[in-house]
Structure formats: C-alpha cells, structure tokens
Protein chains: 2
Amino acid sequence: MSETETTSILVIDDHPLFRKGVADLIAMDPGLRLVGEAADGESGVSLAQALAPDLVLLDLNMKGMDGLQTLKVLKSGEFDARVIMLTVSDSEDDVVGALRAGADGYLLKDMEPEEILAQLEEARQGRVVISDRLTELLARALREDSRPRSVAESGLTERESEILKMLARGYSNKVIARELDIAEGTIKVHVKHILKKLKLRSRVEAAVWAVDQGHR
Amino acid sequence: MSETETTSILVIDDHPLFRKGVADLIAMDPGLRLVGEAADGESGVSLAQALAPDLVLLDLNMKGMDGLQTLKVLKSGEFDARVIMLTVSDSEDDVVGALRAGADGYLLKDMEPEEILAQLEEARQGRVVISDRLTELLARALREDSRPRSVAESGLTERESEILKMLARGYSNKVIARELDIAEGTIKVHVKHILKKLKLRSRVEAAVWAVDQGHR
DNA sequence: ATCGGATTACCACCAAATGAGTAACTGGAG
DNA sequence: CTCCAGTTACTCATTTGGTGGTAATCCGAT
C-alpha cells in the first residue's frame, strides 16, 4: 500500500490525552495516517500549511485562538484540506456556527471509535459528516433560519398579532376566547395560522418567540 | 349610626354627564343620598373632609390629580369614608393598583344601574364590592403576586430547572425526554412539579415566566 | 443503625387542551 | 365581482396536565 493511498490527518486539540486517543484510533485504520498534531490554533494553521493534510480534525474549545477562529483561517487560506470538527459541544450555536464557517463535518467526541473511523472514511470521500445526534438540532436550526425575524414580515393579520400577544402571556385558547368574546374554535384557527406563518410547531414556541421579540 | 338612616354619598368624577347619571341613579334609591359632587381630585378631597360622607364614588381617569392619587390622599387622612372606584378601566394594573391603595370596591361603569345600586348597598354594609367581570383578573393578579420571583426561591431541583430551561425553548415533553434520555412520563411528572412550585397553570406560562426571568 | 425526607425515575389512567384538516358564511376593500 | 380577514363548525390524533401510586438512592438526624 503506497503512501499516497492513505489519508493524511492533522489533529488540532489542546488536550494531550485526547490527541493520544485519536492517534491510537487512527493507527487502528491502515487507510489513515496521522501526519501531525497541534495543541493550539496558531501552530495548527502552520502545520496545516506545511503538511497539506487530507483531513484536519479540529477541536472547538481551545485556549488562545479557538476552534471557530482556526476553522475560519483554515478555510480562508488556499488549503483544500477538509476540516472536521471533533468536539464535545452539542450546542446549537457551536454546530451551526461551525458549519456556517465552512466545516466539512461535525463529530462528537462521545461517539463510538468505530463510528468515528467510519465517518472519517466518509469525509475522505468528500461527504459532509455529522453526528446522528445533531441532525435533529440541525433541522431545527435550518427552520429557524427561514423564520421571519419580525412581526412585520411575518404577514400576521391584526387579529393574529393580537392573539399572539395573548399567547405570550400564557393564555389558553379558552381564556383568549373569553377575552375577545369570540368562539374558542376561532382562536384555534388563528393559532393554527400563526404557527404556519411563523413556521413554528406549538403555542409554546410561539409564546417564547413573541416574548423574545419583545411583544408584551 | 346617626340621625339618618340613609347613606350619604360623594361623587368625584370629571365628567359632568356621568355625575348627572349617577345622581339620577342615587335618587332612585331612597336609602341613598347624594351629598356632594366634585369634578377633580383636589376639590373632591376638600368635600370629603367637609361632608364626611359614608361612601365616596371615585373615577380613575381624571385630569389633574388622578383617581389613584386622590384615593391615596383619601385613605391617608383621618376619614373613614369607604371609597368605591367607579370607572371604565378594566385593566389589571388599574384594578390591582386601586385595591392595593385601599379602595373598598371597584365597579365598572358599564354595569347595569340596578346592579350598581345593589353593590353600593353591599358596600355600605362594609363589604368590598368588585364587578364580576374582574374577579377572574383579580384571581390571576393574586396568584402572580404570590409567585416566586426567582428560581432560587422557587425551590426547583436541579433536574426541574434543567427541564424548565427546555420548556423555555419551546420543547415538547417528547423532545425533552429524548434529549435527557429518560421516559416521557418522567418529564410529565417534572413539569407537573414545576407548575406546582411556580404556581402556574400551563407549560406556556412556565415558558414565558422562564424567558422573562432570563433563563435561556 | 435506622428513620425520614428529598430527589429522581417510572407507571397507568383519565380529562382537558391542543393542532391539523376541511368546509362554509360574512362583510368590506379594491 | 372577487379577494381577504374574520368567523364558526365539525372531525381526528396527539399532547398536556392531574391523580395516585411504586421504587431506588442519598443524606442528615435521631
């Protein structure tokens, strides 16, 4: 097996133990070859330039230049290395931020080792790999992305805005109906339309959104 | 106690027409006697001192010294007149504000005349009278009053706070269960306890409360 | 060492609330 | 006249909230 058949990998992570773990893992797969390690973003970028690895495994939480910044630098340069985030954070902000910044994958450190190897293989073939646990979160983020940012552009009618405000006070359909002196069924129709227009799935989400928006 | 069996009444309202209406109404009841009228808070207070009426009917929205201020002055002095708010405002702030300031009653101007007379009779007997329409609102205000102002004093456990945060993101029980990897039934129990501890009635109220509290 | 509480997790059952879908009527604006 | 906002009514499946339990664990006080 010639050296060009294997996938060269650079690991950037400030945790020595974790780098060791990854090194062992990579050693288990004859198709992968660890060509360098870096403990921080700066040296990671230098190494990436010097070694031109096929894949970069990048941690998010590092002291100094953090993972996201490092990612941006790596992606801004003239490397064509694929960068896979390998981190513990499953927070929406981190995941979405990394993917928006051009990450080619986002894997969680708590994945099974075999699973990680399988995903790295996928990544080498040019696939974007993402931990299963995050797909749902990702779907939500995308939905929220397309969500209107204000009542103005949400296309809500007068009546619907009025009812949304009441939702934001925690009122039930019954209470709203009594308050506006119309049938409860009508409220349900309005709420349904509000959810559709705002691309939300429940009155709770609508209430939270409205409160965030400052609709008191 | 005294020479007259009738109840003396002072009306303070900046609306001449409305004072006229009240005067006519009072004239219909032989047990009531209108002893004075005032168009603003200042003269109302003077008249109250001079006439020492049994009841004062006080409007809330008046130019100059408004109804609430007038009420406070009346209640701070050495009068023992009972003050009944008679106004159009059914807003929670007004109602709660007036009652907190010591109002002995809160009646709405859109009540039926006979109903108003009946309530004035109740008031004369020392009862606190409040328009039926407002009782629900009042109950809510009281509940909110006794509501804990922070998670700290709410007595929520770690787990409950954790779940409350998820409620504040609009998550359903099912999603929370998957996220925490415990049974959905368990989430329901936790939510029940949260509602009980926070004295709330639905997850929507809990979510709104949490967001207001800044629990992101 | 044992008792009692607090916490966490689980269960089943039931009533009410919610959300989705479909259909239809009205009144006003264009 | 047509379109739209608002209204009502009717199903249906799902979700939620409440009741009333059981049980394991941990911790502090007796």
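Chain letters run A, B, ... following the sequence lines, proteins first and then strands; every chain starts at 1. Computed from a prediction, not measured in an experiment: that's the story for all the values here. Values below: every heavy atom of this structure, side chains too, minus hydrogens, waters and symmetry copies.
- Judged by atom type and distance alone, A/K192 does not reach the base of C/dG19 through any side-chain donor-acceptor pair under 3.5 Å.
- Comparing the start and finish of the helix from C/dA1-D/dT30 to C/dG30-D/dC1, five pairs each, the helix axis swings through 40°, to the nearest 10 degrees.
- Base contact: B/T186 has a heavy atom under 4.0 Å from a base atom.
- The nucleotide whose nearest atom lies closest to any side-chain atom of B/I182 is, among C/dA20, D/dA9, C/dA9, C/dA9.
- Put simply, B/R201 has no side-chain N or O that comes within less than 4.0 Å of OP1 or OP2 on D/dG17.
- To the nearest 0.5 Å, atom CG of residue A/L58 and atom CG of residue A/D66 are 9.0 Å apart.
- Note: CD (A/E162) to P (D/dT7) measures 8 Å, nearest angstrom.
- Atom P of nucleotide C/dG19 and atom NZ of A/K197 are separated by 17 Å, given to the nearest angstrom.
- Between B/R19 and B/D14, no side-chain nitrogen of the basic residue sits less than 4.0 Å from a carboxylate oxygen of the acidic one, so the salt-bridge criterion is not met.
- Minimum heavy-atom separation, B/L195 to B/R203: CD2-N, 4.2 Å.
- Residue-level contact check: A/V191 touches the backbone only, with heavy atoms under 4.0 Å from sugar-phosphate atoms and none from bases.
- Rounded to a whole Å, the CZ atom of A/R159 is 16 Å from the P atom of C/dG27.
- To the nearest angstrom, P of D/dA5 lies 18 Å from CG of A/L180.
- Among D/dG17, C/dT8, D/dT8, the nucleotide with an atom closest to any side-chain atom of A/V189 is D/dT8.
- Of the possible polar contacts, none joining the A/T186 side chain to the A/I182 backbone as a donor-acceptor pair under 3.5 Å is found.
- Distance, A/I187 CD1 to D/dT8 P: 8 Å, rounded to whole Å.
- Atom CD of B/E158 has 12 or fewer neighbouring heavy atoms from other residues, nucleotides or ligands inside a 6.0 Å radius.
- Rounding to the nearest 0.5 angstrom, the gap separating the CZ atom in A/R82 from the CD atom in A/Q125 is 10.0 Å.
- Looking only at atom types and distance, the side chain of A/D54 has no donor-acceptor partner in the side chain of A/T7 under 3.5 Å away.
- If you measure from atom CG of A/D181 to atom P of D/dT7, you get 10 Å, rounded to the nearest angstrom.
- Regarding contacts with the backbone of C/dT18, a side-chain N or O of A/N173 is found under 4.0 angstrom from either OP1 or OP2.
- When the nearest nucleotides of DNA chain C are assigned to B/G185 and B/S202 by heavy-atom distance, the more 5′-ward of the two goes with B/G185.
- Remark: A/R159 CZ to A/I163 CD1 distance equals 6.0 Å, nearest 0.5 Å.
- Taking atom CG on A/L195 and atom P on C/dT18, their separation rounds to 12 Å, with Å as the unit.
- Taking 4.0 angstrom as the limit, A/H190 places none of its side-chain polar atoms (N or O) nearer than this to OP1 or OP2 of D/dG6.
- The NZ atom of B/K174 sits 11 Å away from the C1' atom of D/dA13 (whole-angstrom rounding).
- Comparing D/dG6, C/dT8, C/dG19 against the side chain of B/T157 picks out C/dT8 as the nearest.
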